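Treat the numbers as computed from the prediction; the structure is a model and nothing was measured. Basis for what follows: all heavy atoms, side chains included, without hydrogens, waters or symmetry-related copies. In the text below, chain A, chain B and the rest are named by the order of the sequence lines, each starting its count at 1.
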Protein chains: 2
Amino acid sequence: MKYSYQREEILKVVKASSGHISALEVYDEVKKTIPNISLGTVYRNLNSLVEHNYITKINMPSGSDIFDYTLGKHSHTHCIKCNEIFDLSSELNEEIKALVETNMNFVITKPVVFEGICHKCRDKKEG
Amino acid sequence: MKYSYQREEILKVVKASSGHISALEVYDEVKKTIPNISLGTVYRNLNSLVEHNYITKINMPSGSDIFDYTLGKHSHTHCIKCNEIFDLSSELNEEIKALVETNMNFVITKPVVFEGICHKCRDKKEG
DNA sequence: TATTGAAGTAGTAATGATTACTACTTAGAG
DNA sequence: CTCTAAGTAGTAATCATTACTACTTCAATA
C-alpha cells in the first residue's frame, strides 16, 4: 500500500472515534483537515484499511455500514433508542457460536449485530 | 385493509415460496399472473402485509431484505455459499437472548441473521 | 343500483448508500 | 531526476427502496 495523506487522516478519525463510525461521519470529520477530500476516497480507503486489517467493517442490518477500530473480530449490540453500539466479549461470542454450531450444524463466520434496547435506555423508560 | 387482487397474488407467492423470498423475486413471480404489476406495488403490499402480521421482514446484513411467511418472530442463519436461509428454533433463540441479556444487560428486540456456512456446504468442501 | 371517497395502482422520479469511471496527481523505486 | 503504478477529486452510475402523481377500484351508504 502506497502512503497517502488522505488514508492517514481517515485512519486517525476512525481511531479517534469511540470505535464505531460511519463512512459519512468519517467524511465530515476528515473534511475539517482536508476540505476537498472526496467521499469516494473515504469509502475506498476505509475498504482498503479493512482489507489490510487495520479496521473492521460492520454490516448493520438497517442503515449504513460502520467501521470499527477495535482489533479482533467481535459481534456487537446496537441500541435502537440511543443508537449506541457495544462490543460483545469474545467469551460470549464463542458461547453463542458454539450454541448455533451444535444446534443448527452451522458455522458462523461473520460477526453479528444484535438489535434491541441497552440497559441505560431501559432504565430511563422504567424509572 | 381494502381487498386488492395484487396483494392477494403477492401473499400467494410468499406462501408458495419456501418461506424466504426477496421483493424482486416476488415481483418476477407475480408478473407471471399480473404482467403489468409495478415493483412499487410489490414493495407497498409486502410492507403492509408485514404491518398486518401476515408475513415477516428480515433485514439481511448485506443485500436486499427478504420476506418470510413463517409465523412468529424467529432468527435465521444465512449460508453465504449456497445462499439458503434456515430458521432458528424458538428454544435456541431464547437461549441466545437470555445469554446476551445476562451478560450484556441488553434486551434483543429483533430477530438476528447469523451468516456463515451450512452443514451441506461444509461437507462438500471437506469431503 | 348509483354515488362517492378513501384506499389502491402503474409508472416514473427521487432517495440514500455505495461503487465505478475518468482525467489528473503523487509516492517512491530505480 | 524519471517514470509508472497507485492514489485522488469529481462526477456518473448502480442497487434497493420509497415517494409522488394522476388514474382506478373496492365497498359503504343513500
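Residue pairs meeting the salt bridge (charged side-chain N to carboxylate O under 4.0 Å, His left out) criterion with at least one member in residues 82-97 of chain A, sequence neighbours excluded, are A:E84-A:K120. Screening residues 19-38 of chain A for ring-ring contact (aromatic ring centres under 6.0 Å, His included) gives A:H20-A:H76 as the qualifying pairs, with residues at least two apart or on separate chains.
Residue A:I117 is found in a hydrophobic cluster whose other members, listed by chain and number, are A:I80; membership requires side-chain heavy atoms under 4.5 Å apart, directly or through intermediates.
Not counting sequence neighbours, the partners of A:S64 by the side-chain contact (heavy atoms from CB on, under 4.5 Å) test are A:S22. Applying the salt bridge (Lys or Arg N to Asp or Glu O under 4.0 Å) rule to A:E25 yields no partners; only residues at least two apart in sequence or on another chain are considered. Listed by chain and residue number, nothing satisfies the side-chain hydrogen bond (donor to acceptor under 3.5 Å, both in side chains) test with B:Q6 (two or more places apart in sequence, or in another chain). Applying the side-chain hydrogen bond (donor to acceptor under 3.5 Å, both in side chains) criterion to B:K2, with sequence neighbours excluded, gives no partner residue.
Here A:R44 lies in heavy-atom contact (under 4.0 Å) with a base.
Interatomic distance, OG of A:S75 versus CZ of A:F114, reported as 6.0 Å (0.5 Å rounding).
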Name each donor-acceptor pair under 3.5 Å that joins a side chain in residues 104-111 of chain A to protein atoms two or more places apart or in another chain, with its distance.
residue, atom, partner, partner atom, Å
A:N105, OD1, B:R122, NH2, 2.6

For residues 36-49 of chain B, run the donor-acceptor check on the side chains, cut-off 3.5 Å, and write out each pair with its distance to 0.1 Å, sequence neighbours left out.
residue, atom, partner, partner atom, Å
B:S38, OG, B:G40, N, 3.2
B:T41, OG1, B:R44, NH2, 3.2
B:N45, OD1, B:R7, NE, 3.0
B:N45, ND2, B:T41, O, 3.0
B:N47, OD1, B:K57, NZ, 3.0
B:N47, ND2, B:Y43, O, 3.3
B:S48, OG, B:N45, O, 3.3

Please write out the pairs of protein N or O atoms and N or O atoms of nucleotides 17-19 of chain C separated by less than 3.5 Å, giving the distance to one decimal.
residue, atom, partner, partner atom, Å
C:dT18, OP1, A:D65, N, 2.9
C:dT18, OP1, A:D65, OD2, 3.4
C:dT18, OP2, A:Y43, OH, 2.5
C:dT18, O5', A:Y43, OH, 3.4
C:dT19, OP2, A:N47, ND2, 3.1

Nucleotides 24-30 of chain C: protein proximity per nucleotide (B base, S sugar-phosphate only, - neither; heavy atom, under 4.0 Å): --BSS--

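If you walk DNA chain D from 5' to 3' and mark each nucleotide with an atom closer than 4.0 Å to a heavy atom of chain B, the marks span D:dA16 to D:dA27.
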